[in-house]
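The basis for the numbers below is simple: all heavy atoms, side chains too, and nothing from hydrogens, waters or symmetry mates. Proteins come first, then strands; the chains are lettered A, B, ... in the order of their sequence lines, and each starts at number 1.
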Amino acid sequence: MKVPAVKGTRDFYPPLMARRNYLVDGWKAAANRNGFEEYDGPILEYLKMYQIKSGDEIVDQLFSLQDRGGRDLAIRPEITPTLARMVNQQINALPRPIKWFSVPRLCRAERPQKGRLREFFQWNIDVIGAEDLLADAEVICCALDYLQSTGLTADDVVVRISSRRMLAEMLKAIGVAEDQLESLYPLLDKKGRMAPDAFEAALGDLVPAADPMNKILDLMKAERLEQVSEGVTMTGPAQASVEELSSLFDLLDRMGVADFCRFDISIVRGLAYYTGVVFEIYDRDCELRALGGGGRYDNLLKQFGGPQVTATGLGMGDCVLAILLEEKGLLAGRVPTRSLDYYVACVDKRYFPQAVEIVARLRRAGRRANLSYRQTGLGKQLKQASEQNATEVVIVGAEIESQRVAVKALASGEQRVVAVDQFFAGLQA
RNA sequence: GUGAAAGUAGCUCAGUUGGUUAGAGCACUGGUUUGUGGUACCAGGGGUCGGGGGUUCGAAUCCCCUCUUUCACCCCA
């Protein structure tokens with residue numbers, strides 16, 4: 001009976017596994033370059049951990065199960081709650097700022113579509129315990145460091161940046177009541193995906209009075225940070241919040257990534273827990289969904305029973321990223337393929353024991369080496385050596401009777417006969 | 001959760017108004033080549049035509065259900 005792979009999951013055959021490792025290794029290298037340390041947590045968590053942050057609706061969007069002890073568990077759909085739990089447990093012992101990263105395997109029970117599967121990998125980097133804007137800038141820079149390492153440029157990707165704090169202060173300055181803010185965020189977040197008149201109608205439902213509503217529409221039209229305050233009576237906090245975002249852009253400029261970054265007031269993020277800088281990374285042509293996103297979340301640790309500790313971070317999934325890199329031709333030739341230092345070919349089965357000895361010695365010397373299990377013609381073995389991307393072939397033939405082998409370099413075709421001991425002595429160098 | 005399209009060899013796909021034993025290219029295995037690779041030529045293996053049910057003398061082909069894939073919506077941590 002044939003059993004198919006589960007909906008929305010992938011089988012990582014060697015070529016796909018090589019691609020996955022290429023992405024994950026790049027993420028880890030970039031995080032390490034930027035001073036982040038790796039952590040991981042369990043793939044199973046208590047279901048209620050996700051209900052704390054996102055409410056009950058989340059339950060039908062994740063994979064949950066009951067263990068034999070009757071505990072309600074979930075396969076992690078994100079790692080931030082795990083991070084909050086882990087940090088909270090050791091909050092007083094950890095030196096700050098805490099700069100941690102992880103590449104968790106996550107599952108979400110959604111309908112698969114382009115750039116979204118049910119099982120995927122997500123790079124997460126977070127800075128905890130640093131209120132400084134430099135932390136937000138570093139998170140963005142680290143993501144851009146990675147993206148540039150793949151060959152992407154400012155012509156390919158853009159980071160759209162705004163601030164929850166600024167949006168809140170501006171809305172208040174316009175005359176929106178504080179308790180209305182939370183209900184406005186999801187709608188403002190959706191503005192770009194809605195028809196303009198549908199957006200205005202929905203906004204009218206939330207903010208019936210014409211005065212604040214029209215000012216909200218004007219505010220959301222701002223294309224540059226300087227335009228945000230036009231026609232608004234600025235309060236002190238509102239002014240400060242604009243200046244804060246402005247100094248973030250100064251920092252990003254100083255860090256050499258200004259070309260990638262753009263103010264975009266429509267970046268709100270649907271989630272309630274963001275408190276400051278928010279950003280999303282897109283392909284320039286805007287044909288794909290977001291490559292990643294993040295921002296500042298100052299209350300999350302407290303929600304998970306810890307102290308009020310400031311935090312900022314980002315998540316980037318592997319699905320959209322792989323699609324973009326593929327489209328830009330940045331995978332072919334960059335994803336490493338199987339390769340060998342030596343392929344040991346055996347000319348006659350009489351010499352096979354010596355060939356086995358040689359391949360084992362090569363491996364003990366730290367070289368990647370392979371040989372054919374089956375005695376076939378030398379031509380066939382050379383073909384296999386080529387297919388396995390061997391640099392050199394050690395040919396074990398009649399010369400072995402006088403302790404010598406032929407060594408052939410596949411790229412040039414050059415071949416020399418050398419004493420076995422001399423050959424291995426040469427490997428030390 | 002809603003809607004649309006698709007599913008034939010490992011992959012990409014042909015397959016006539018329903019008609020004999022379902023094909024091609026690539027890939028794979030072997031050979032031409034018993035001590036020299038990438039090319040070429042020859043041969044071979046591999047299919048319950050996604051699965052189940054129905055209509056029919058006869059189904060890859062028509063109908064229903066189901067699974068999977070793709071795309072869009074909802075949602076997007």
Reading RNA chain B from 5' onward, which residue's closest nucleotide shows up sooner: A:Y274 or A:G413? A:G413
Taking the C1' atom in each of B:rG50 and B:rU68, what is the distance between them to the nearest angstrom? 7 Å
Check whether any side-chain nitrogen or oxygen of A:R118 sits under 4.0 Å from OP1 or OP2 of B:rU69, and answer yes or no. no
Nearest-Å distance once atom P is located in both B:rC49 and B:rC76: 44 Å
Numerically ordered, the residues 178-199 of chain A set in heavy-atom contact under 4.0 Å with RNA chain B is A:K190, A:R193
Pairwise P distance, B:rA22 and B:rU61 [rounded to whole Å]: 14 Å
Determine which bases of RNA chain B form Watson-Crick or G-U wobble pairs with both distances under 3.5 Å, and write the result as a 5' to 3' dot-bracket string with | for other-strand partners. (((((((..((((.....[...)))).(((((.......))))).....(((((..]....))))))))))))....
Remember a base hit wins even if backbone is also touched, and classify A:G377 as base, sugar-phosphate or nothing at under 4.0 Å, heavy atoms. nothing
Classify the nucleic acid contact of A:A398 as base, sugar-phosphate or nothing, counting any heavy atom under 4.0 Å across all strands shown. base
Proximal nucleotide (of B:rG3, B:rA77, B:rG35) relative to the A:A406 side chain: B:rG35
Scan A:Q415 against the nucleic acid and name what it touches under 4.0 Å (heavy atoms): base, sugar-phosphate only, or nothing. base
Under 4.0 Å: is that the gap between some side-chain N or O of A:K7 and OP1 or OP2 of B:rU69? yes
Regarding the side chain of A:I395, the nearest nucleotide among B:rA72, B:rU36, B:rA77 is B:rU36
Measure from NZ or CZ of A:R296 to the centre of the six-membered ring of A:Y274 and say whether it is under 6.0 Å with the direction within 45° of the ring axis. no
Figure out the CD/P separation between A:Q61 and B:rC75, and round it to whole Å. 10 Å
Is A:R10 salt-bridged to A:E119, going by a charged N under 4.0 Å from an acidic O? no
5' precedence on RNA chain B between A:K114 and A:R269 (nearest-nucleotide basis): A:K114
Result of checking A:L188, A:L225, A:L219, A:I161 against A:I265 for side-chain contact (heavy atoms from CB on, under 4.5 Å): A:L219
Just checking A:Q388: base, sugar-phosphate only, or nothing, at a heavy-atom cut-off of under 4.0 Å? nothing
Distance below 4.0 Å between A:K383 side-chain N/O and B:rU39 OP1 or OP2: no
Measuring from the side chain of A:R108 (C-beta onward, heavy atoms only), which nucleotide among B:rA77, B:rU2, B:rU36 has the closest atom? B:rA77
Taking the six-membered ring of A:F304, is the NZ or CZ of A:R85 close enough (under 6.0 Å from the centre) and on axis enough (within 45°)? no
When you compare B:rC73 with B:rA59, how far apart are their P atoms, in angstrom units rounded to a whole number? 42 Å
Looking only at atom P, what distance separates B:rC67 and B:rC75, rounded to whole Å? 25 Å
